[in-house]
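Data block below; observations after.
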Amino acid sequence: MTTEIYLDSNATSVVLPAAIAAATDAMGQRYGNPSSTHGTGLKAKAILDQARASAARLLGVGPGRLIFNSGATEGIQTAVLSALVALRERRDAGRAIGALLVYGATEHKAVPESLAHWNRLLGLNLTLHKLPVDGNGAHDLAALRAVADQAAMICTMAANNETGVISDLTAIEAVLNETNCNACWMVDCVQALGKLKLDLSSTRIDYAPFSGHKLHAPKGIGMLYVRAGTPFTPLIMGGGQESGQRSGTENMAGIAALGAVLAALERGDTFRTHAELCSFRARIADSLRAALPGVVFNNPFDKALPTTINFAVPGLSSRELMDVFDAAEVRVSAGSACSSSKAAPSYVLDAMGLPLWRSAGAIRLTFGPLADEATIAAACARIERCGAALRASCLIPSERTAVPHDGLLQLGVEGACSWMVLDAASRSCIVIDPLPEHTTRIEAYVRCQNYQVQAVVCTQPNAGRAQLIAALGRHYNRAADADEYGWPANAAVIAVASGAAASAITVGTQVLACVPGQAQRAYLLGVADGARLPAAAVRFAFSAQITQALRDVSTERTVLCPTRDDGNQLCSGTTSATQAITTADAQLDSAALASFLQAHPDARLIDVREPYEFAAAVAPAPAGRPALSVPLSRLAEYASTWLHEEPAPLVFYCRSGNRSMKAAQCLRRLGHPQAYSLHGGLALA
Ligand code: PLP
């Protein structure tokens with residue numbers, strides 16, 4: 001049974017059951033080629049005609065044309081090609097044309113990319129001109145007025161896919177009329193279909209692309225409206241289908257499915273009303289406010305489609321929000337394209353002038369007009385679950401002190417790492433090599449778990465500890481003077497394995513000792529034996545590199561916690577050379593998991609997602625087995641424990657198999673012979 005709540009309908013939508021039935025019928029019963037003149041072909045042609053007639057009525061096509069194609073990207077291509085070919089012909093005939101290809105700053109990338117592509121290919125060399133939008137995402141009409149008489153083509157979408165912001169097409173049209181603009185006008189209507197009333201032939205819109213999969217039809221089917229008398233050049237030539245305007249045998253399953261959606265729209269008995277959709281949005285927004293303190297909405301609700309909510313939460317990245325929602329099986333998307341470590345800001349929100357944290361941390365939550373009461377109620381409950389998971393992990397403020405973590409914690413940013421040594425029993429901790437990027441996170445963590453920071457030490461001198469110390473306030477122990485590495489002047493002296501004396505500070509039952517005889521500082525962590533720290537007792541070493549001095553005081557089971565981690569290895573050994581691990585060795589297929597666990601009853605199943613993902617999870621662990629939560633940030637701590645135990649197989653898993661592969665490779669590099677990653681992660685399990 002699926003527990004998934006799909007709230008990413010602006011990306012693509014669930015296919016309407018009637019559309020699936022219609023597609024099945026078009027493939028099973030009415031499989032003819034609509035160009036054939038025999039009975040089988042005529043049955044197929046009837047599907048085509050019905051769908052086109054339905055669309056024409058719904059969209060007010062009038063004397064204009066509707067051409068079936070593969071989707072909006074093709075529709076945009078065709079519209080741009082048509083307009084630009086006509087412009088070139090006009091210019092070649094010695095007539096004046098505008099110099100600018102004007103497009104809204106928040107258009108889908110398909111628009112500026114197509115304009116640039118065909119402009120170059122056709123050798124027009126016109127200038128692409130981005131039309132600004134205001135803070136609400138509305139086109140700047142004064143800016144449009146200023147350039148309208150120089151425009152060769154104008155592209156302004158009907159509703160935005162990231163924010164749902166509805167364009168004022170009437171006002172845009174008025175500007176075009178007032179300025180005697182004679183440019184062709186394309187309006188991308190993808191997000192408007194079924195959500196906004198359209199009467200195309202009563203406007204001066206020349207081209208309007210549509211896409212089936214954004215409104216409960218399958219992917220690969222779309223339509224392009226072309227106004228009567230507007231220039232047209234086919235993108236695809238061949239057998240003359242679609243009256244010679246778009247050759248290629250029609251996608252009949254797609255057209256039948258889209259026809260079923262259009263018929264449902266016409267009947268008005270399938271989709272929620274605008275008022276119902278507004279009430280769904282209000283309920284979700286209330287849940288977000290309650291669960292995620294400080295949440296801000298990036299789209300003005302009164303000027304946007306009710307089905308699109310775009311938000312950001314102070315202190316949380318879009319990656320973290322995406323991860324916790326995904327663990328709770330609520331499918332949303334980052335409002336921006338994001339890579340693994342850093343979210344790229346959304347160009348749509350940037351164009352609206354939003355601050356970087358809102359643009360880079362944006363989440364887009366979208367439902368379709370097919371949404372129902374039960375799904376919205378379930379979504380609200382899951383949002384509350386995500387909020388609780390984030391609070392328990394100290395990622396958002398909580399009134400209660402969280403249960404303290406114990407041991408080592410690794411925070412990483414772009415190859416550099418900060419480390420925290422935490423002792424839950426005494427609530428004391430030491431921070432090693434804090435990065436400025438981690439100041440807020442470390443401070444929130446320390447405050448939320450009520451830790452006292454005994455020392456903030458670095459492996460480099462004068463490495464900028466002041467920012468963190470200032471942020472920690474009363475949670476930093478100011479009693480001792482410290483040198484330029486942050487090392488306390490009142491540290492004790494301990495003998496390390498080389499026999500040398502080392503300066504050491506205590507954290508709980510362990511000591512942190514400064515490795516003697518090194519140009520660059522390195523630290524050792526372990527449980528001392530009286531006034532000695534034997535090599536076998538050194539569980540961790542913190543250092544930028546492996547040196548002989550470090551090897552002399554540690555063993556092959558000491559885990560090296562690097563201060564830089566460019567290779568994304570998390571941690572490594574202090575003695576052995578790093579050997580290459582092939583992905584295939586460490587990969588376990590989900591189909592083979594159950595039998596693997598049966599053959600290895602001592603195997604451990606380990607969830608390497610972050611604690612808030614583990615806490616928010618609604619799906620059981622793979623193979624129905626209990627799993628241990630060991631996020632990558634805690635892997636070094638657990639790796640050390642596993643290396644000191646009798647080796648048992650370790651099966652790591654995460655959402656997609658990426659993070660678990662890092663964990664498995666890390667353990668293999670550390671010498672664990674049986675560390676595996678569940679291939680494809682929970683998504684395929
Ligand atoms: N225009 C807008 C506003 C969209 O949201 C999308 C899809 O994301 C497209 C165009 C491209 O549509 P298609 O997937 O049909 O090519």
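Start at 1 and go down the list; that is how both ligands and their atoms are numbered.
- Every atom of ligand 1 with a heavy atom of S211 under 4.0 Å away is listed here by number and element: 13 (P), 15 (O).
- The main-chain N or O of E276 is found under 3.5 Å from a side-chain atom of S279 such that the two form a donor-acceptor pair.
- Taking a cut-off of under 4.0 Å to the non-hydrogen atoms of G71, the atoms of ligand 1 that pass are 15 (O).
- Although no hydrogens or angles enter the test, the distance criterion places no donor-acceptor pair under 3.5 Å between the side chain of S13 and the main chain of S9.
- Polar contact with ligand 1: absent for A159 (N/O pair, distance under 3.5 Å).
- Residue K214 touches ligand 1 through its side chain alone, judged by heavy-atom distances below 4.0 Å.
- Between R272 and D372, no side-chain nitrogen of the basic residue sits less than 4.0 Å from a carboxylate oxygen of the acidic one, so the salt-bridge criterion is not met.
- For the residues T73, D188, N160, the heavy atom positioned nearest atom 3 (C) of ligand 1 is part of D188.
- Interface of Q191 with ligand 1, defined as ligand atoms under 4.0 Å from a residue heavy atom, comprises 5 (O).
- Set against the non-hydrogen atoms of H213, the atoms of ligand 1 under 4.0 Å away are 13 (P), 14 (O), 15 (O).
- Below 30°, between 30° and 60°, or above 60°: for F297 and F311 the angle between ring planes is above 60°, a perpendicular geometry.
- At a cut-off of 3.5 Å, with distance as the only test, a side-chain donor of R204 or N177 sits close to an acceptor on the other residue.
- Taking every heavy atom of M157 and a limit of under 4.0 angstrom, the matching atoms of ligand 1 come to 3 (C).
- The backbone N or O of C380 lies less than 3.5 Å from no partner atom in the side chain of R283, so there is not a single donor-acceptor pair.
- Scanning the protein heavy atoms around atom 4 (C) of ligand 1, the nearest turns out to be H108 CD2, 3.3 Å.
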